[in-house]
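This structure is in structure tokens; I'll ask about it shortly.
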There are 2 protein chains.
Amino acid sequence: MAIQVTGVVDAVANELRAAVFDGELAPGSLVTEAWAAERFEVARSSAKAAIEKLVAEGLLQRTPHRSARVRPLDEASVRDIYRTRRRIEAEALRELAAERRVPSAAREANDEIARHLGGSSIDIVDPDMRFHTEMVDAIGSERTSRAYHALVAEVRMCMAQVQGRRLIPVDQILDEHRRIVELVAAGDGEGAVALLAEHLGRAEERLAAAIS
Amino acid sequence: MAIQVTGVVDAVANELRAAVFDGELAPGSLVTEAWAAERFEVARSSAKAAIEKLVAEGLLQRTPHRSARVRPLDEASVRDIYRTRRRIEAEALRELAAERRVPSAAREANDEIARHLGGSSIDIVDPDMRFHTEMVDAIGSERTSRAYHALVAEVRMCMAQVQGRRLIPVDQILDEHRRIVELVAAGDGEGAVALLAEHLGRAEERLAAAIS
DNA sequence: TCAGTAGACTTGTCGGACAATCTGCGAAGG
DNA sequence: CCTTCGCAGATTGTCCGACAAGTCTACTGA
């Protein structure tokens, strides 16, 4: 199943990333090179490289000669993240609607969400993000995807920080996704964009309220 | 003048970046850790970190256990870069036009271009990029700026690869910039966007033609 | 009370070492 | 003659230990 073992550094970076997303590493908590080196049993230089990678990704923040810490997101950040998300995704929807094209991977992500109907919203963060990511990736712009993936990582940090408080119910998310898919398939780009704006706007408000 | 000497790694990364932009390091040429270490008289570990930074920025590319090389850009990349540029910058212009706001730094960048009237187009790459960057930065979205800065770096790589062939004349660039500024100041967002699309479209075609 | 300082802690950089991996060339074999 | 194998050289990946440099804290002394 293609578990790429590229190297120690990437493995540590992945573990750290997962720890941040799981909320195991709370926002603001210190991540020293020595701590990471000991925890994952690697050399300090390797831990350093992994930390620097996450700093570049925006998950950790650091100033010279000081330990990295898990980046805490404030309301302004949430608003900026969602503003940018809306812009990118709106363009993607317009482009997809123009060709009446809905990537099958996005539909499958929705099916996965459907399987969690009645469950907790936290459990669908994964397929939810995948739905949106697939829509953006479908337009085939490497640069746009790169930017969007970075945003998704930050959204997941928000989720971790908020710890499931005030999330939107699963059935509502699923319903809105499906309506967006229908509008795109029908070629109604502006309709899809309007609905998307509501969809993301609601999430933004919840997160902004929960985070402050 | 704030020349931040944050550390050896950043210094090496900056030197390498400049070498790529200057065309001293041709697209496709190898950049081994040992070579960089010797050239800048730093430890191999430091050179390694600098190279990895540029890989993350997209200026170099690398596969595991193989030397990094200066990323060569093909026509598809140029088109993707400009497609994304257009999208981001168009949104920025709309937002600025809505408030009839033109950042003074953008005007100053144009003045700098004016000082090179009659000169070579290569000399104004810097202020040209600064004009566009300032417009985007002015909307105050950290994430949008991050994405745009990455694109600008790639544009500069294109410039280096094309070596000044087929660039657009200085006076034309200046004229178009000024008209964009006027339209934004007048609150005509869509007019500014239309002109921008032409402006960037022309540059895209030139680069695409020169690169293939 | 407050400034200054000593010490602990952490990062930044270095140099060396060795294994793992890739490359290219030449030899062995069909 | 062509293919394949293997080996030597080059390069990266990782580790270790060391020390300088910078930051933070808590204590001391005026």
Side-chain angles (χ1 to χ4, degrees), chain A residues 1-20 24-72 157, chain B residues 1-20 24-72 157:
Chain A
M1 271 294 290
I3 295 182
Q4 294 281 3
V5 185
T6 53
V8 177
V9 173
D10 289 281
V12 171
N14 289 339
E15 293 284 339
L16 279 176
R17 202 181 293 113
V20 171
E24 183 192 333
L25 261 47
S29 54
L30 286 174
V31 181
T32 70
E33 299 176 354
W35 174 83
E38 188 185 6
R39 161 152 177 178
F40 300 109
E41 294 177 322
V42 298
R44 182 164 74 95
S45 50
S46 302
K48 181 188 190 65
I51 288 174
E52 259 154 20
K53 206 168 175 180
L54 296 199
V55 168
E57 286 180 22
L59 279 87
L60 305 181
Q61 62 183 5
R62 193 184 37 171
T63 54
H65 282 285
R66 301 177 65 172
S67 303
R69 35 179 77 246
V70 180
R71 182 173 207 220
M157 287 194 65
Chain B
M1 273 290 291
I3 295 182
Q4 294 280 3
V5 185
T6 53
V8 175
V9 173
D10 289 283
V12 171
N14 290 338
E15 293 283 338
L16 279 176
R17 201 181 293 114
V20 171
E24 182 192 332
L25 262 47
S29 54
L30 287 174
V31 181
T32 69
E33 298 175 355
W35 174 84
E38 189 185 5
R39 162 154 178 177
F40 300 108
E41 294 178 321
V42 297
R44 183 167 73 96
S45 50
S46 301
K48 182 188 190 63
I51 288 174
E52 260 155 19
K53 207 168 176 181
L54 295 199
V55 169
E57 286 179 23
L59 280 85
L60 305 181
Q61 62 182 5
R62 194 186 34 174
T63 54
H65 282 286
R66 301 179 68 169
S67 303
R69 33 179 78 247
V70 180
R71 165 126 82 123
M157 287 195 63

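Chain letters run A, B, ... following the sequence lines, proteins first and then strands; every chain starts at 1. Because the structure is predicted, anything quoted here is derived from the model rather than measured.
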Can you tell me if the side-chain N/O atoms of A/K48 get under 4.0 Å from OP1 or OP2 in C/dG12? yes
If I take atom CG in residue B/L60 and atom C1' in nucleotide D/dT12, what distance separates them, rounded to the nearest angstrom? 15 Å
Between B/R69 and B/G28 (side chain of the first, backbone of the second, donor and acceptor by atom type, cut-off under 3.5 Å), is there such a pair? yes
Using whole Å, report how far CD of B/E38 lies from C1' of D/dA10. 15 Å
By the 4.0 Å heavy-atom rule, please label A/R62 as base, sugar-phosphate, or nothing. sugar-phosphate
Does a distance-only test, which skips hydrogens and angles, find a donor-acceptor pair under 3.5 Å between the side chain of B/R66 and the base of D/dG13? no
For A/R17 and A/E57: C-alpha separation, side-chain torsions, deciding distance, then whether salt bridge (Lys or Arg N to Asp or Glu O under 4.0 Å) applies. CA-CA 10 Å; A/R17 202 181 293 113; A/E57 286 180 22; 2.8 Å; yes
Between C/dA17, D/dC16, C/dT11, spot the one nearest the side chain of A/A43, thanks. D/dC16
Without decimals, in angstroms, what is the distance between B/F40 CZ and C/dC14 P? 13 Å
B/R69 CZ - D/dT11 P separation (whole Å): 12 Å
Value in whole Å for how far the P atom of D/dT14 lies from CD of A/E41: 16 Å
Between C/dT23 atom C1' and B/L30 atom CG, what is the distance in whole Å? 12 Å
Picking from D/dG13, D/dT11, C/dT11, which would you name as closest to the side chain of A/R44? C/dT11
Distance in angstrom units between A/I51 CD1 and C/dT10 P, rounded: 12 Å
Just wondering, more than 12 heavy atoms not from A/E38 lying within 6.0 Å of its CD? no
Would you mind telling me which of C/dG12, D/dC15, D/dT14 lies closest to the side-chain atoms of A/V9? D/dT14
Ignoring the backbone of A/S67, work out which of C/dG12, C/dT13, C/dT10 is nearest its side chain. C/dT10
Given C/dA20, D/dT14, C/dG12, the nucleotide with the shortest approach to the side chain of B/H65: C/dA20
Search all heavy atoms of A/L25 against all heavy atoms of A/V70 and return the closest pair with its distance. CB-CG2, 3.9 Å
Considering just the side-chain nitrogens and oxygens of B/T32, establish if one lies under 4.0 Å of OP1 or OP2 belonging to D/dA10. no
Applying the salt bridge (Lys or Arg N to Asp or Glu O under 4.0 Å) criterion to B/E33, which one of B/R39, B/R66, B/R44 satisfies it? B/R44
